[in-house]
Amino acid sequence: MIRRLLLLCVSMAITLAVKAQTTYSLSFNVGDYSLSTSGGLLSVFSSKTDERTVGGEHAPDLPYYPLRILLPEGCTDISYTAVYSDSLVSTGVTMTANSTAQVVDSIPTSPTAATINGPNHVVYQGIRDVGRYRYAYFLVSPFTYHLQSHKLYYSHQVGVSLSNYIISYTGGPTVYADDVNLPIWFNNPGDGDVYYSDFQPLPGGSQIDYLIITKESIISNFERLRRWKSTKGLRVAVVRLEFIYNHYQGSTNQEKIKRCIEDYYHIGTRFVLLGGDDTVVPAKFVTAKCGNYISTTPCDLYYSCFNGDYNWDGNHNGVCGELDDNVDLKPQVYVTRLPVRTGQQILDYTDKLISYEKTPQQVNYLCRLLDTGYPALGLWGSVGAGYNGDDARYYLNKVYDDYIQPWWGGNRYHLFKDQSYLVGGSTYFLNAANLETEINKGYHYVHEYSHGQISYWVIPGNYSTSNAAAQTNANASLVVTNACLTNAFDGEPCLSEALLRNPDGGALAYFGSSRYGFGDSSGKIRYSVFYDALFFYNLFRGIPLYNRNFGAVAAEAKRMLVDDSETESNPYRWLQFTINPMGDPEMPIYTANPSTFGNVSLSISGSNVTIGTGGVDKCAIAVTSASDYGLSYLESSRDETTHTFQNVPQEFTVCITRHDYVPYLVSLTLGGQPLSDTPLMVSSAGDNVFEVSFRHGTPVERDVDMSCDGVVTVVVSDIATGQVMLTDKTREDGFTINATGWKRGVYAVRVSSSDSVRTAKILVR
């Protein structure tokens, strides 16, 4: 009855208090914690994830965990009572103090003793908003330490009892891109059905899903990317910067771009690609502060947040990003950047991206993670025992054990200064040449830990932009790193740019900092490496939902730490500004060897087409006009196993996608005949046979993107006088069919017959 009353109250445009009394708790397992004494100081270590610190550098270093309680819409204040039951753990102890954040370099710090009492079990952080939801944010710990008595206490359950909800509802703005995963974000997700009305997305025909912003001189080079995204069922808009500058209001070009993005956000846009480096699409520069460090940094997060002060300069002193500037750090759209300058760089990246999405290698590569790095911070005393001073190996092991392995069944390899476990059994240790060799073997994920400069990772020999440009890994990598500066795209070229621009390999995406990274020597997952950990944690747990799109996973890793970025000179706030995701925002990230759609059904009745996925659920089914790649007809349906599309054009393309499935793609006429540009879906895991109809004297071509391992053989049967040629489309020269030396790319299988109409079976091995 209380919750129903709350719902009625939020529908009234008045201010009132509502009595409620509900307790929300976190439970803890004592087995998740261990105590370690070094130099007379006691430290608490945890195997739990998502750990925070509170109380400042003189407070005891104890683990705190987020407790986010969903509140009624319009709630402006609450009352609460902490709920816990203490038991004594240890007496006569001196606790280690919170460690100080350090720039990722080679100078370790030493632990110090806590000199003030820490906060109690519960610390209230205030009322916050995410998407259209409002919540109370608490940090809770199973431990508390009394400095005067030198006693450490533990409670197996800690909670808060809320009462006196103060509600002032004024009917806030409509929010369209509502993608908050309630069961993950809040501790009381069930209250969402009571506190908030059902979310109503925009009608499919009126929205734009994916926005590309670039300059006029290179806009045509994004056409192939637009075609592919449209084929998958995304409504794509490509907007010229020159148009934005002439048609939008703003004191700077950056503000004009942001207003354009917000306009598209209000018609449903979720993904935004900034199509160029800072010389093409200007970056917003903000001031980051951490301790004695101050830096002006490019910050693409600015373009995705529309609440708070619009220009991030609320105090109007010309310095953006200060604590009193009323900066909103919660992204409402997923913005990434493709740091390119030329049309050819766009085409090279697009080829890599489409190859990854459309025809992924179905064995080995997609389930490989390479952990690599070199000591950068050092570790306290007994924390680093057994690691021979290698904090890179320590932290990457801990990220894998706590944030990856529980949710992912792939294969982990590593390459460190004095330890390796590698594909093919190689036993060499880390240097630039060996890392280049390893990446060429094809690792889907590369997690790198080291000091960094703009153009290189600081490892023996310095892995630099020249190494990145020389990579020939046809199966490109997703790179996640804590290193300083290597993503400084306002320099030319930085390491991330060299990896992304490489036409023969390198990287598909880069998640790293454009300025300093931060860490500490405590042995706990904090600061830069915490962002890395949350990227993988969200990816493999499927947070957010959909297809684990790169932009969404990157944004969610940052959004999970926004609540901890609300103080000045805070390393988390610094990293919110300096970490810039590079790559395609909508790219679905494979997390397993993909399956294929084996029993798709298509039924044509007049201009209506019914498509079934063969019983595979949670699919996106799209039909687009084949002649113009979805410009005149584009209809899509999500989360269905069958759907009927009406008024389909004479020539159309069907595309079915689902996470960890190879896209099903076929182009047909309403008469059921295949179109000549239907791609061959080729797998190195087995043989695929395709039937093609040939007319007298007319060559037929099929695009085929083939894996790089093994011999490729094309066999044509049932053609009396047929000819077959495998052609490299990027070079337009003939290519030997039974060849082992060719590199991965998009090829055409050309089959011609001088005979009458024949049906040929093309077998690709």
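This chain uses plain numbering: 1 for the first residue, then up along the sequence.
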Nearest heavy-atom pair of Pro663 and Thr657: which atoms, and what distance?
CB-CG2, 4.0 Å
If you draw the axis of the six-membered ring of Phe45, does the NZ or CZ of Lys524 fall within 45° of it and under 6.0 Å from the ring centre?
yes
Between Phe536 and His447, is the ring centre distance below 6.0 Å?
yes
Taking atom types as modelled, is there a side-chain donor on Tyr387 or Gln419 under 3.5 Å from an acceptor on the other?
no
Are the charged groups of Glu438 and Arg368 less than 4.0 angstrom apart, N to O?
no
Identify, with sequence neighbours excluded, every residue that meets ring-ring contact (aromatic ring centres under 6.0 Å, His included) alongside Tyr303.
none
Taking the six-membered ring for Trp and the single ring otherwise, decide whether the centroids of Tyr445 and Phe535 are under 6.0 Å apart.
no
With no hydrogens and no angle check, do the side chains of Tyr661 and Thr613 hold a donor and an acceptor under 3.5 Å apart?
no
Just one of Thr486, Thr465, Asn487 clears the side-chain hydrogen bond (donor to acceptor under 3.5 Å, both in side chains) bar with Ser496, so which one?
Asn487
With side chains defined as the heavy atoms from C-beta onward, is the minimum distance between Cys619 and Phe597 less than 4.5 Å?
yes
When you measure from the centre of the six-membered ring of Trp185, is the NZ or CZ of Arg68 under 6.0 Å away and within 45° of the axis?
yes
Lys/Arg-Asp/Glu bridge criterion (N-O < 4.0 Å) met for Arg52, Asp563:
no
Between Phe143 and Tyr33, ring centroids under 6.0 Å
yes
Tyr133 vs Phe186 aromatic rings, parallel, tilted or perpendicular, using cut-offs 30° and 60°?
perpendicular
Does the structure place the NZ or CZ of Arg412 under 6.0 Å from the centre of the six-membered ring of Tyr400, at an angle of no more than 45° from the ring's axis?
yes
Does Asp209 pair with Lys232 as a salt bridge, N-O distance under 4.0 Å?
no
For Tyr356 and Tyr365, take the angle between the two ring planes, folded into 0 to 90°, and tell me which bin it lands in: parallel under 30, tilted 30 to 60, perpendicular over 60.
perpendicular
Salt-bridge present (Asp371, Arg393; N to O < 4.0 Å)
no
Quick one, Ile69 and Tyr135 - any side-chain contact, counting heavy atoms below 4.5 Å?
no
Report the relative orientation of the aromatic rings in Tyr516 and Phe518; use parallel for angles under 30°, tilted for 30 to 60°, perpendicular for over 60°.
perpendicular
Mind listing the closest non-hydrogen atom pair of Ser464 and Tyr456 along with its distance?
CA-CB, 3.6 Å
For Phe416 and Phe429, I'd like to know if the aromatic rings sit close, meaning centre-to-centre distance below 6.0 Å.
no
Go through Tyr65 and Phe28 one step at a time and tell me if the ring pair (Phe, Tyr, Trp, His ring centres under 6.0 Å) criterion holds.
CA-CA 11 Å; Tyr65 304 93; Phe28 302 97; 5.7 Å; yes
Heavy-atom nearest pair, Tyr413 first then Leu422, reads CD2-C, 3.6 Å
For Asn599, is the CG atom crowded, meaning more than 12 foreign heavy atoms sit under 6.0 Å from it?
no
